[in-house]
2 protein chains.
Amino acid sequence: MTSGTATERTTSRAGETWTIAQVADEFGVTHRTVRHYEDLGLITPERRGTQRVYHRRDRTRLSLILRGKRLGFPLEEIRTIIDLFDAPRGRRTQLEYVLGQIDERRADLEQRLRDVQDAIAELGEFEHRCRDDLGRLDEP
Amino acid sequence: MTSGTATERTTSRAGETWTIAQVADEFGVTHRTVRHYEDLGLITPERRGTQRVYHRRDRTRLSLILRGKRLGFPLEEIRTIIDLFDAPRGRRTQLEYVLGQIDERRADLEQRLRDVQDAIAELGEFEHRCRDDLGRLDEP
DNA sequence: ATAGTGCTTTACGTTTACGTCAACGTCAAG
DNA sequence: CTTGACGTTGACGTAAACGTAAAGCACTAT
């Protein structure tokens, strides 16, 4: 799936690269979206001359971005989160900062987890009521 | 918590009512936000003359709205969801439609559930790596 | 040489979800 | 009866997240 139909652009070894069109439709977004993420500093593809060249690192980031979006995080917040993964952790103060950020993120995510679980549960109860109604329609 | 400091407006029986200011700061939003939800048809408070009067039904809807927002749903979609709960279910076709909608909603929510769980898991692994790094700083 | 295909930047447009005045009504308290 | 405190309706402003041209390179294919 990594090789395009027309212009072959993948190196096909370890160190594959992709064009903007390839990553865009592989991830189901437009090239405009991909470039928008670059404008905001969420991805920084290599440049070969004027052209953008995407590596696996960029694809990893893109999938993190899209999952973040599915979870309703704003792009700016997503940036701080994925930057966290690449942040320098050499000194103790840096590590402790990162660990603190992790805790904040986790608290946020666990709230969302509860919200989703509650919503699914309520949906289940509602379905039960509906099925009851449906049953009463058959044998009154 | 239902009685204001100045102008007493709660009936204090079964059938409590609230002003816009009361619901707004109880739910931690502005009155502008509450009115915006009304403009979009997500809540329809009673009118006593020109004033809005909020009932428990409105509060239930508001909490559903806010949870939907925390989950990243757009307001229009939230409206169709919570309207579903109040939809007529008298006829079989209506019930079957509702049950179909429930399935769609559930599929969506279960995707989000997986996303949140994955994100939490990754955060856990990342924390583990950080703690390892921290340990190596003590005893090299 | 020219046409086509894909990529690039620049820049204005759009939708969502409110924020922020402005200007006015209303009711109880001083 | 005027002053607040709270409520109301416009109406314009704004930030986020892209959409949508417009116009120009770069390389290939004919």
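As the structure is a computational prediction, the values presented were derived from the model and not from experiment. The chains referred to below are lettered A, B, ... by the order of the sequence lines, with proteins before strands, and numbering in each begins at 1. Heavy-atom basis, side chains included; hydrogens, waters and symmetry copies ignored.
- Residue B/L62 contributes atom CG, which lies 11 Å from atom P of C/dC18 at whole-angstrom precision.
- Listed by first and then second residue, the ring pair (Phe, Tyr, Trp, His ring centres under 6.0 Å) pairs that reach into residues 72-117 of chain B are A/F126-B/F85, sequence neighbours excluded.
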Do B/R57 and B/T44 pass the side-chain contact (heavy atoms from CB on, under 4.5 Å) test, and can you show the C-alpha distance, the side-chain angles, and the key distance before you say yes or no?
CA-CA 10 Å; B/R57 164 197 157 89; B/T44 50; 4.1 Å; yes
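- By the side chain to side chain contact (heavy atoms under 4.5 Å, CB included) test, B/R92 pairs with A/L134, A/L137, A/D138, B/E96, sequence neighbours left out.
- For the pair A/H36 NE2 and C/dA11 P, the computed distance is 17 Å after rounding to whole Å.
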Let me have the donor-acceptor pairs involving side chains of residues 116-124 of chain A, under 3.5 Å, with sequence neighbours excluded, atom names and distances please.
| unit_1 | atom_1 | unit_2 | atom_2 | d |
| --- | --- | --- | --- | --- |
| A/E122 | OE1 | B/R67 | NH2 | 3.2 |
| A/E122 | OE2 | B/R67 | NH1 | 3.1 |

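- In terms of phosphate contacts, A/Y37 brings a side-chain nitrogen or oxygen within less than 4.0 Å of OP1 or OP2 of D/dC18.
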Within the sub-3.5 Å range, which N or O atoms of nucleotides 20-23 of chain D have a protein N or O partner, and how far apart are they?
| unit_1 | atom_1 | unit_2 | atom_2 | d |
| --- | --- | --- | --- | --- |
| D/dT20 | O4 | A/R32 | NE | 2.9 |

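- Phosphate proximity of D/dG19 to A/T33: present, with a side-chain N or O under 4.0 Å from OP1 or OP2.
- Between B/T50 and D/dT9, a side-chain N or O to OP1/OP2 separation shorter than 4.0 Å is absent.
- For residues 37-72 of chain A, no residue pair satisfies the ring pair (Phe, Tyr, Trp, His ring centres under 6.0 Å) rule, not counting sequence neighbours.
- Applying the 4.0 Å criterion to OP1 and OP2 of C/dC7, one finds that A/R52 has every side-chain N and O outside that range.
- Contacts classified as side-chain hydrogen bond (donor to acceptor under 3.5 Å, both in side chains) and involving residues 99-109 of chain A (residues at least two apart or in different chains) are given here: A/E77-A/R105, A/R106-B/E127, A/D108-A/R112.
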